[in-house]
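Single-structure report; data block below.
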2 protein chains.
Amino acid sequence: MARLPEYLRALHNLAETGNETVSSEGLANAAGVNSAKLRKDLSHLGSYGTRGVGYDVALLIEQIEYVLGLTQRRAVALVGVGNLGHALAGYDGFASRGFRIAALLDADPARVGEEIHGMVVRHVDELPQVAAEESIAIGVIATPASAAQRVADQLVAVGVTSILNFAPCVLSVPDGVDVRKVDLAIELQILSFHEHRKASLTGLPRTGGSALTALPGGLAVTEGQEAIGT
Amino acid sequence: MARLPEYLRALHNLAETGNETVSSEGLANAAGVNSAKLRKDLSHLGSYGTRGVGYDVALLIEQIEYVLGLTQRRAVALVGVGNLGHALAGYDGFASRGFRIAALLDADPARVGEEIHGMVVRHVDELPQVAAEESIAIGVIATPASAAQRVADQLVAVGVTSILNFAPCVLSVPDGVDVRKVDLAIELQILSFHEHRKASLTGLPRTGGSALTALPGGLAVTEGQEAIGT
DNA sequence: CGCGATTTGTGCACGTCTTCACAAGCGCCT
DNA sequence: AGGCGCTTGTGAAGACGTGCACAAATCGCG
Ligand SMILES: NC(=O)c1ccc[n+]([C@@H]2O[C@H](COP(=O)([O-])OP(=O)(O)OC[C@H]3O[C@@H](n4cnc5c(N)ncnc54)[C@H](O)[C@@H]3O)[C@@H](O)[C@H]2O)c1
Ligand SMILES: NC(=O)c1ccc[n+]([C@@H]2O[C@H](COP(=O)([O-])OP(=O)(O)OC[C@H]3O[C@@H](n4cnc5c(N)ncnc54)[C@H](O)[C@@H]3O)[C@@H](O)[C@H]2O)c1
């Protein structure tokens with residue numbers, strides 16, 4: 001499930017504060033989900049809880065990390081060392097979560113050779129060599145949208161089967177290749193939508209709203225963390 | 001729906017390439033979704049298509065932008081002008097998608113006063129004044145996780161009801177406040193999970209796998225763009 | 001004017017996810 | 001040893017999202 005990483009982070013926090021065990025309710029709170037949901041999720045990866053006690057934090061971390069494939073530190077290739085790429089290259093959250101930036105790549109000759117956080121930027125056409133040197137598990141695309149598809153093709157060509165795409169466009173990849181997208185503008189627009197909806201509700205409490213704003217049941221925006229109680 | 005922004009982007013692309021109308025299938029392809037799903041989505045905001053012809057691109061853009069509340073350019077306050085904050089501040093995708101960075105805020109005195117892309121960084125404690133100057137619609141948190149909850153509280157205190165959180169932690173906010181989270185590590189871990197699963201399947205084709213890797217029906221990871229055909 | 005090609009809008013069925021509620025199990029205390 | 005409180009694991013029901021398949025509607029053309 002997509003919630004496993006969330007649980008993992010919460011578990012690490014708990015481990016740091018000295019907790020040995022945690023109840024489903026406690027962990028659910030820390031991860032911001034329903035406790036029944038959490039129990040069902042965990043039950044899917046086997047039974048690692050003790051009734052009356054809870055889950056062993058260390059054991060659970062181990063199990064989740066195994067399921068997520070974090071037992072091996074995966075190599076990440078970052079393509080596009082611009083505005084965003086610089087920030088990503090300097091992000092320590094990679095290393096602390098089981099990943100390692102193995103290469104920085106860019107197409108701009110002016111950028112190639114530049115050293116960022118101890119890593120030298122190489123040209124994107126060197127991708128085959130980079131992949132030969134060490135197995136790239138994940139490719140991160142931080143180029144403009146116009147170049148994203150081409151970069152994706154290059155990544156796929158050297159055997160990368162997982163891509164994280166920051167460019168605002170859809171990528172076409174062969175079967176067996178996973179693509180996940182992070183699009184800032186989409187997130188903002190979803191928030192804007194909610195703002196608009198909230199404004200319509202408070203502003204015109206009785207008109208019923210147009211068919212556009214007051215949709216039947218409200219437009220469901222999936223995956224939202226949405227208004228966790230105080 | 002959360003897919004509306006995706007449609008909107010595809011529509012803008014189509015408009016730029018001179019298309020007047022688009023069929024549900026065409027737009028679905030451009031947005032990477034099923035055509036039936038797209039039609040159902042669009043039908044929820046009223047009927048703006050013409051049978052036998054398709055949808056009027058310009059009209060549809062207008063309608064979606066209205067639903068998303070993009071008719072007014074919303075002001076965004078960015079809190080935490082560090083590594084990531086700098087990249088965000090320089091991102092032109094804000095402006096081109098209906099948003100405007102109205103303020104840059106940070107707690108570090110060394111950062112306050114710094115000028116980034118024509119905007120001067122102000123202290124986070126000036127948030128009330130900033131909010132008074134102009135109505136902040138959305139707050140973006142790009143601070144370390146340890147400060148995120150505090151910043152969220154400050155944002156809520158000045159009336160912000162939509163928050164985009166880049167810090168890897170769950171935020172507690174009152175009812176009526178929407179929070180969306182972008183967590184890079186989670187995205188990578190989901191990809192890692194798929195990598196692990198793929199490796200298990202090809203490596204041990206017949207063992208059936210442990211209960212951990214070969215879950216019944218496979219673990220569903222929602223929202224994935226996942227392997228769109230060539 | 002009528003007909004066929006095309007495309008939308010939607011009823012329906014199916015699978016998935018979510019949540020409640022509770023029995024079964026475990027540990028602790030007496 | 002037994003009882004009691006707490007917590008897990010799960011069955012069942014409901015809500016929800018998805019996709020198929022088709023009727024209704026529109027346009028262009030003869
Ligand atoms: N800056 C942000 O905060 C931000 C936020 C969200 C999404 N994005 C998206 O991330 C992408 C990058 O944004 P940015 O602000 O860093 O842009 P940028 O222009 O600063 O950087 C893009 C980099 O990609 C390189 N590049 C171009 N074509 C390439 C190719 N074919 N192969 C390899 N490298 C290539 C360029 O040389 C440049 O260094 C854009 O698609 C943008 O929409 C940016
Ligand atoms: N850098 C990345 O690529 C990246 C990617 C994903 C997520 N993140 C997350 O984004 C957040 C920021 O990352 P970063 O690399 O920019 O870190 P950073 O340390 O470079 O920047 C953090 C900034 O927040 C400021 N800050 C600290 N406390 C504050 C407060 N109470 N109020 C206002 N400002 C405050 C600091 O002064 C600093 O300027 C972190 O939570 C990180 O996990 C970063």
Side-chain angles (χ1 to χ4, degrees), chain A residues 1-4 6-7 10-11 14 19-57 59-60 63-64 190 211-212 215-229, chain B residues 1-4 6-7 10-11 14 19-57 59-60 63-64 190 211-212 215-229:
Chain A
M1 304 273 187
R3 287 183 293 268
L4 251 34
E6 198 78 45
Y7 301 158
L11 283 166
L14 288 168
N19 292 289
E20 294 264 324
T21 64
V22 64
S23 72
S24 64
E25 195 122 12
L27 182 54
N29 266 15
V33 300
N34 186 298
S35 70
K37 197 191 302 188
L38 181 135
R39 283 201 300 277
K40 190 148 289 193
D41 285 348
L42 294 187
S43 76
H44 281 298
L45 28 124
S47 300
Y48 292 101
T50 310
R51 296 177 191 226
V53 177
Y55 298 89
D56 182 283
V57 172
L59 177 62
L60 200 51
Q63 292 302 332
I64 293 182
I190 291 173
L212 289 168
L215 298 164
L219 284 181
V221 175
T222 56
E223 187 105 8
Q225 182 195 0
E226 201 127 343
I228 294 182
Chain B
M1 303 276 187
R3 288 184 291 268
L4 252 35
E6 199 78 45
Y7 302 158
L11 283 166
L14 287 167
N19 292 290
E20 294 265 326
T21 64
V22 64
S23 73
S24 63
E25 196 122 11
L27 182 53
N29 267 14
V33 300
N34 185 297
S35 70
K37 198 191 301 190
L38 180 136
R39 284 200 301 276
K40 191 151 290 191
D41 286 347
L42 294 187
S43 77
H44 280 296
L45 29 121
S47 300
Y48 292 101
T50 310
R51 298 175 189 226
V53 177
Y55 298 90
D56 184 282
V57 172
L59 177 61
L60 200 49
Q63 292 302 332
I64 293 182
I190 291 173
L212 289 166
L215 296 165
L219 284 181
V221 175
T222 55
E223 188 103 11
Q225 183 195 358
E226 200 128 343
I228 293 180

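Below, chain A is the first sequence line, B the second, and so on; all start at residue 1. The basis for the numbers below is simple: all heavy atoms, side chains too, and nothing from hydrogens, waters or symmetry mates.
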- [ ] Round to a whole Å and report the spacing from CG of B/Leu42 to P of C/dT8.
- [x] 9 Å
TODO: Starting from P on C/dC17, measure out to CG on A/Leu4 and report it in whole angstrom.
DONE: 13 Å
Task: Gap between atoms NE2 and C1', on B/His44 and D/dT18 respectively (whole Å) - done: 11 Å
Open item on the list: Can you see if the side chain of A/Ser24 gets near the phosphate of D/dT7 - specifically, an N or O under 4.0 Å from OP1 or OP2?
Closed with: no
Open item on the list: Measuring only between side-chain heavy atoms, which start at C-beta, is A/Tyr48 closer than 4.5 Å to A/Leu42?
Closed with: no
Task: Shortest non-hydrogen separation from A/Ile64 to A/Leu4 and the atoms involved - done: CG2-O, 4.0 Å
Open item on the list: Test of understanding: with salt bridge (charged side-chain N to carboxylate O under 4.0 Å, His left out), list the residues that count as partners of B/Arg3, not counting sequence neighbours.
Closed with: B/Asp41
Task: A/Tyr55 vs A/Leu27 side-chain heavy atoms within contact, under 4.5 Å - done: no
Open item on the list: One character per nucleotide, please: for nucleotides 19-27 of chain C, 5' to 3', B when the base has a protein heavy atom closer than 4.0 Å, S when only the sugar-phosphate does, - otherwise.
Closed with: BBB--BBBS
TODO: Mind listing the closest non-hydrogen atom pair of A/Glu25 and A/Ser35 along with its distance?
DONE: CA-CB, 4.0 Å
TODO: Rounded to the nearest angstrom, tell me the gap between atom CG in B/Leu27 and atom C1' in C/dG9.
DONE: 16 Å
Open item on the list: Rounded at 0.5 Å granularity, tell me how far CG in B/Leu60 sits from CG in B/Leu45.
Closed with: 7.5 Å
Task: Length of the line joining A/Leu60:CG and D/dT7:P, which is rounded to integer Å - done: 16 Å
Open item on the list: For C/dT6 and B/Tyr55 - does any side-chain N or O of the residue sit under 4.0 Å from the phosphate oxygens OP1/OP2?
Closed with: no
TODO: To the nearest Å, give me how far apart OH (A/Tyr48) and P (D/dT10) are.
DONE: 13 Å
Task: A/Ser47: side-chain contact (heavy atoms from CB on, under 4.5 Å) partners, not counting sequence neighbours - done: none
Open item on the list: Output the rounded distance in Å from CG (A/Asp41) to C1' (C/dC17).
Closed with: 10 Å
Task: Whole angstrom value for the distance that separates C1' of C/dT8 from CG of B/Asp56 - done: 15 Å
Open item on the list: Applying a 4.0 Å non-hydrogen cut-off, can you work out what A/Ser47 is touching in the nucleic acid: base, sugar-phosphate, or nothing?
Closed with: sugar-phosphate
